[in-house]
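Here's the structure, in structure tokens; my notes come after.
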Amino acid sequence: MPELPEVETICRGLALRMEGRRLIRVEQYRPDLRLPLPEGLPGRLTGRRVVTIGRRAKYILVHLDDATVLMIHLGMSGRMVIGDDPETPPGRHDHVVFFTDDRGVIRFNDARRFGLMALSHRDALDSHALLADLGPEPLGNDFNALRLAAALAGRQRSIKAVLLDQTIVAGLGNIYVSEALFRSGISPLRLAASLDAAEAERLVTAIRTVLTEAIAAGGSSLRDYVQSSGEAGYFQHQFAVYGRAGQPCPGCCCDSAGTGGIQRIVQNNRSTFFCPHRQR
DNA sequence: CGGCAAACCTGCGAGC
DNA sequence: TGCTCGCAGGTTTGCC
């Protein structure tokens with residue numbers, strides 16, 4: 001479900017509500033999500049104070065005052081829902097619920113259970129198995145045209161598949177890959193190794209701007225994503241291609257002479273949306 | 001190395 | 001109304 005902009009938006013909402021608060025109770029309603037939940041999870045969190053909420057790729061990182069870090073991945077359908085009534089009983093698909101010392105309630109809700117939680121120690125976080133192989137943050141200084149070009153060199157896979165690979169760059173998902181490729185004018189079908197330096201540069205710029213704009217809009221709300229506040233994000237109204245098969249390409253607006261509009265194709269078993277006329 | 005399908009699981013909308 | 005089908009923001013695994 002959520003890609004980097006949605007996770008970033010959720011983190012910001014959680015930070016406002018959780019930083020500085022003590023967890024006075026944690027309830028767990030099932031033993032597993034995509035993976036087993038950590039052994040003794042409620043006991044290891046109860047009584048701890050939340051120091052900061054951070055993010056790495058699509059992981060929410062809850063830093064606690066004993067140097068424990070709770071790592072949360074939302075999978076496709078996971079949500080972190082903030083409430084203010086500790087008496088409300090858990091809803092359908094609420095799997096873990098956190099209660100704070102100021103009567104706050106944060107519910108991890110995940111219908112499909114593709115999400116996961118794990119625990120780490122602050123000092124071992126970067127080498128944790130879930131994070132160790134992740135590529136650079138696309139909005140960080142380590143992500144630039146030179147590095148991307150180096151990562152693409154020799155790759156005989158489509159640029160679409162490579163951008164979804166979290167070890168190349170961490171945080172993009174199916175929506176923002178399509179949007180970034182559109183903005184850079186590069187076809188999703190191109191082999192990664194075929195991009196030249198100028199195209200890598202355009203792609204880096206497109207990735208950074210689309211993510212930045214999406215964060216500013218509070219993410220994209222399709223089926224079930226909402227911010228922790230319950231509000232929807234609104235970047236979906238700015239999609240150029242995602243989910244717009246058959247509609248006119250916003251970049252070909254003055255050329256109505258049958259460019260075919262936005263096409264939907266399937267790559268690596270996932271939908272890709274693009275304009276074959278504009279993306280080469 | 002890379003493509004491809006399936007797996008994990010539930011919900012929703014479309015079409016009959 | 002109720003059924004089946006296809007689709008969904010992610011990631012992993014196994015097979016060719």
Side-chain angles (χ1 to χ4, degrees), chain A residues 1-11 29-37 55-60 71-80 91-95 108-118 128-135 138 151-181 188-194 207 210-211 214-215 217-228 232-239 241-246 264-273:
Chain A
M1 159 247 217
E3 304 180 35
L4 187 153
E6 290 75 38
V7 178
E8 178 63 27
T9 300
I10 289 164
C11 284
Y29 300 104
R30 57 173 303 121
D32 58 342
L33 299 168
R34 177 160 62 90
L35 301 175
L37 286 160
R55 180 189 59 74
R56 173 74 173 105
K58 301 171 191 171
Y59 288 89
I60 299 166
M71 308 157 67
I72 304 173
H73 196 292
L74 299 171
M76 291 278 264
S77 56
R79 300 190 241 183
M80 297 292 284
R92 186 162 164 77
H93 307 311
D94 283 348
H95 305 309
F108 173 84
N109 180 285
D110 185 5
R112 295 176 72 180
R113 303 203 301 276
F114 290 171
L116 67 84
M117 291 191 194
H128 190 284
L130 292 170
L131 305 187
D133 294 333
L134 291 173
L152 299 185
R155 299 258 170 193
Q156 301 300 306
R157 313 166 65 190
S158 71
I159 186 64
K160 159 77 190 290
V162 167
L163 292 178
L164 277 179
D165 183 340
Q166 303 295 297
T167 70
I168 304 290
V169 54
L172 295 177
N174 211 34
I175 293 177
Y176 297 105
V177 166
S178 276
E179 293 297 315
L181 284 170
L189 295 164
R190 288 271 302 281
L191 290 186
S194 77
I207 289 168
V210 75
L211 294 178
I215 290 169
S220 303
S221 289
L222 299 186
R223 284 148 287 279
D224 46 16
Y225 164 75
V226 286
Q227 302 181 35
S228 296
Y234 51 90
F235 191 72
Q236 65 279 9
H237 303 303
Q238 296 176 53
F239 288 169
V241 290
Y242 186 83
R244 298 174 58 87
R264 173 187 181 271
I265 61 173
V266 175
Q267 292 178 284
N268 305 91
N269 277 330
R270 310 202 64 193
S271 292
T272 300
F273 298 91

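A note on names: the letters A, B, ... follow the listed sequences, proteins ahead of strands, and every chain is numbered from 1.
- Regarding contacts with the backbone of dG11(B), a side-chain N or O of R92(A) is found under 4.0 angstrom from either OP1 or OP2.
- Under a 3.5 Å cut-off, the side chain of E179(A) and the backbone N or O of F239(A) do not form any donor-acceptor pair.
- No side-chain heavy atom of N268(A) sits under 4.5 Å from any side-chain heavy atom of L164(A).
- For the atom pair OH (Y242(A)) and OG1 (T272(A)), the distance works out to 10.0 Å, reported to the nearest 0.5 Å.
- At least one donor-acceptor pair closer than 3.5 Å links the side chain of Q166(A) to the backbone N or O of G171(A).
- In this view, R244(A) satisfies the salt bridge (Lys or Arg N to Asp or Glu O under 4.0 Å) rule with no residue, not counting sequence neighbours.
- Ring geometry for H95(A) against F108(A) counts as tilted: the plane angle lies between 30° and 60°, on a 0 to 90° scale.
- Residue N109(A) contributes atom CG, which lies 11 Å from atom C1' of dT10(B) at whole-angstrom precision.
- Rounded to an integer number of Å, the gap from F273(A) CZ to dG9(C) C1' is 12 Å.
- Residues forming a salt bridge (Lys or Arg N to Asp or Glu O under 4.0 Å) with R55(A) (at least two apart in sequence, or on another chain): E8(A), E137(A).
- Nucleotide dT11(C) holds its P atom 12 Å from the CG atom of L35(A), rounded to whole Å.
- Applying the salt bridge (Lys or Arg N to Asp or Glu O under 4.0 Å) test to R30(A) and every residue at least two apart in sequence or in another chain returns D32(A).
- Residues C11(A) and I60(A) form a side-chain contact, since some pair of their non-hydrogen atoms from C-beta on lies under 4.5 Å apart.
- Listed here is the closest heavy atom pair of F114(A) and D110(A): N-OD2, 3.4 Å.
- Proximity of H73(A) to the phosphate of dG10(C): no side-chain N or O atom is located under 4.0 Å from OP1 or OP2.
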In the 5'-to-3' direction, what one-character label does each nucleotide of nucleotides 3-9 of chain B receive under the scheme B = base within less than 4.0 Å of a protein heavy atom, S = sugar-phosphate only, - = no such atom?
S-B--BB

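- Taking atom C1' in both dG10(C) and dC1(B), the straight-line distance is 23 Å, to the nearest Å.
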Secondary structure string for DNA chain C (Watson-Crick or G-U under 3.5 angstrom, | for other-strand pairs):
.|||||||.|||||||

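- Phosphate contact (OP1/OP2 of dT11(C), side-chain N/O of Q166(A), threshold under 4.0 Å): present.
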Show each protein N/O and nucleotides 2-5 of chain C N/O combination with a separation under 3.5 Å, one pair to a line.
none

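- Side-chain nitrogen and oxygen atoms of K58(A) include none within less than 4.0 Å of the OP1 or OP2 phosphate oxygen of dG9(C).
- Just one residue in the list I175(A), I215(A), V210(A) forms a side-chain contact (heavy atoms from CB on, under 4.5 Å) with P5(A), and that residue is I215(A).
- Put simply, the side chain of R270(A) never gets that close to the backbone of V266(A): no donor and acceptor are under 3.5 Å apart.
- A straight line from CD1 of I159(A) to C1' of dG2(B) spans 15 Å, rounded to a whole angstrom.
- The same atom, P, is picked in dC7(C) and in dA5(B); the two are 13 Å apart, to the nearest Å.
- Rounded to a whole angstrom, the distance from the C1' atom of dG9(C) to that of dG2(B) is 24 Å.
- Atom CD1 in I72(A) sits roughly 16 Å away from atom C1' in dG10(C) (whole-Å rounding).
- For the pair L164(A) CG and dG9(C) C1', the computed distance is 11 Å after rounding to whole Å.
- Summarising the geometry, the separation between CG on D110(A) and C1' on dT11(C) is reported as 13 Å, rounded to the nearest angstrom.
- Between H93(A) atom NE2 and dG11(B) atom P there is a gap of 4 Å when expressed in whole angstrom units.
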